[in-house]
Amino acid sequence: MVFVYRLMKAGKDALVSAKNVAVLTGAGISAESGVPTFRGEGGLWRNFRAEELATPEAFENNPKLVWEWYDWRRQLLKPLKPNKGHEVIARFEKRFPEFLLITQNVDGLHQKAGNKKMVELHGNIWKVRCLKEGKVTDNFETPLSKIPPSCECGAMLRPHIVWFGESLPYDAIQTAYRAANECDVMLVVGTSAVVQPAASLPIIAKEHGAYVIEINAEETPISDIVNESLIGKAGDILPEIERLLEM
Ligand code: BJW
């Protein structure tokens, strides 16, 4: 493993010949759009206690507090736009014959950038789920007119987000595992790689022979495992990789 800013020749060759590419993203890809990350400087967990807000127990104990937090985040997210990093990933979907974007993000910015071949491992902040019927619906009301919001059936709604201790959506994680097993190259962008099971996907990809390229503002626990760790901003490095592929 080498820490560099520019893609190495082996990385370029791997991408040029790749038929099947998977991209795993985390909060860092959206940082340059103005979305706060979770960990590290300015991260959401610095000001809020995760166990008080992002667990089913927290919601059970105080749904109003949890919903107020999500309402605040939705207001913050609403005007934000995809950045250069999201745009490159959207174009990569068209470049490679087989492609899957696996995102841990709940902000919906990849869809705004144009990605369609994707799975959301941790849900979506613009969706709500009925606690009684389990029905999932879109909800873009910002700010919410009533906290906590209710379903047409009268039951309470919850954010359609995967909290700590909850299972990930079965289809999404199975599709992600398949992509990790089968991809020729995996790009791992802007994730601290500490939350399971998402953090295992680059390791699975590497074990199955993929060339794994990490792009992150800093070193992470997987930096020593991947083939290349590119340290810098995703919004700078991804366009640079795209440019290299055109040369
Ligand atoms: C830039 C940049 C720029 C900045 N350019 N880079 C096995 C072992 C140990 C524990 C577990 C285990 N299996 C399961 C667990 C428990 C738990 C877990 O992993 N805990 C760990 C913290 C230890 N996992 C779960 O509970 C999961 N469920 C599960 O596995 O169910 C089965 C099970 C349960 C219990 C036990 C065993 C099995 C569910 C995980 C749900 C995660 N949900 C959250 C919050 C949702 C709330 C919300 O959004 O409202 O999802 S946690 C939070 O972290 C959020 C994110 O998606 C996730 C990952 O964070 P991410 O994206 O990596 O962001 P950051 O902030 O951490 O990192 C940003 C990175 O970007 C940094 O590295 C920066 O350097 C970088 N960066 N600017 C490039 N411009």
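Bear in mind that the values here come from a model prediction, so they are computed numbers and not experimental data. Ligands are counted one by one from 1 in listed order, and the atoms in each one are counted from 1 as well.
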Stepwise side chain to side chain contact (heavy atoms under 4.5 Å, CB included) check, Leu100 with Arg178
CA-CA 10 Å; Leu100 184 72; Arg178 197 162 53 243; over 6 Å; no
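The shortest N or O to N or O distance between Leu168 and ligand 1 is not under 3.5 Å. Inclusion of Asn105 in the set of residues having an N or O under 3.5 Å from an N or O of ligand 1 is not warranted. Below 3.5 Å of separation, one finds an N or O of Gly190 facing an N or O of ligand 1. Of the N or O atoms in Thr191, one or more lie within a sub-3.5 Å distance of an N or O in ligand 1. Taking distance alone, with nitrogen or oxygen atoms compared against 3.5 Å, Gly165 approaches ligand 1 more closely than that limit. In terms of polar-atom proximity, Val162 is counted as a contact of ligand 1, with an N or O under 3.5 Å from an N or O of the ligand. On a distance-only criterion, Ile161 and ligand 1 share no N/O pair closer than 3.5 Å. Any N or O atom pair closer than 3.5 Å counts here, and Tyr70 shares at least one such pair with ligand 1. Not one N or O of Thr220 is nearer than 3.5 Å to an N or O of ligand 1, by distance alone.
Looking at Val189 against ligand 1, nothing comes within 4.0 Å, counting heavy atoms. Of the heavy atoms in Thr37, both backbone and side-chain atoms come closer than 4.0 Å to ligand 1. By the criterion of a heavy-atom distance under 4.0 Å, the side chain of Ala31, and not its backbone, is placed next to ligand 1.
Tyr170 and Phe164 fall into different hydrophobic clusters, where Ile, Leu, Val, Met, Phe, Trp and Tyr are joined by side-chain heavy atoms under 4.5 Å apart, directly or via other members. Both Trp69 and Phe140 sit in one connected hydrophobic cluster of ILVMFWY residues. Membership requires side-chain heavy atoms under 4.5 Å apart, directly or through other members.
Close contacts of ligand 1 with Glu32, meaning ligand atoms under 4.0 Å from a residue heavy atom, involve 3 (C), 5 (N), 80 (N). The ligand atoms of ligand 1 that sit less than 4.0 angstrom from a heavy atom of Gly232 are 5 (N), 79 (C). Atoms of ligand 1 found under 4.0 Å from any heavy atom of Ala27, numbered from 1 in the order shown, are 61 (P), 62 (O), 64 (O). Listed by atom number, the atoms of ligand 1 under 4.0 Å from Arg73 heavy atoms are 48 (C), 49 (O), 50 (O). Close contacts between ligand 1 and Pro197 involve ligand atoms 30 (O) [criterion: under 4.0 Å to a heavy atom]. Distances below 4.0 Å separate heavy atoms of Val195 from the following atoms of ligand 1: 19 (O), 40 (C), 42 (C), 54 (O), 58 (C), 59 (C). Residue Glu218 approaches ligand 1 through these ligand atoms, each under 4.0 Å from one of its heavy atoms: 75 (O).
Remark: Glu141 does not engage Lys78 in a salt bridge, criterion side-chain N to carboxylate O under 4.0 Å.
Atom NZ of Lys135 has 12 or fewer neighbouring heavy atoms from other residues, nucleotides or ligands inside a 6.0 Å radius. Remark: Glu152 CD is loosely packed, at most 12 non-hydrogen atoms of other residues, nucleotides or ligands lying under 6.0 Å away. Few gaps surround NZ on Lys117; more than 12 heavy atoms of other groups in view lie less than 6.0 Å from it.
Looking at residues two or more places apart in sequence or on another chain, you find a salt bridge (Lys or Arg N to Asp or Glu O under 4.0 Å) between Glu68 and Lys64. Checked against salt bridge (Lys or Arg N to Asp or Glu O under 4.0 Å), Glu87 has no partners two or more places apart in sequence or in another chain.
There is no side-chain donor-acceptor pair under 3.5 Å between Thr25 and Gln104.
Both tests hold for Arg158 against Trp163: distance to the six-membered ring centre under 6.0 Å, angle to the ring axis within 45°.
Between the side chain of Thr55 and the backbone N or O of Ala58, at least one donor-acceptor pair lies under 3.5 Å.
The line from CZ of Arg91 to CG of Leu238 is 10.0 Å long, rounded to the nearest 0.5 Å.
The residue from Ser223, Gly26, Ala199, Gly28 that puts a heavy atom closest to atom 77 (N) of ligand 1 is Gly28. Nearest to atom 32 (C) of ligand 1 by heavy atom, out of Arg39, Glu166, Gln104, is Glu166.
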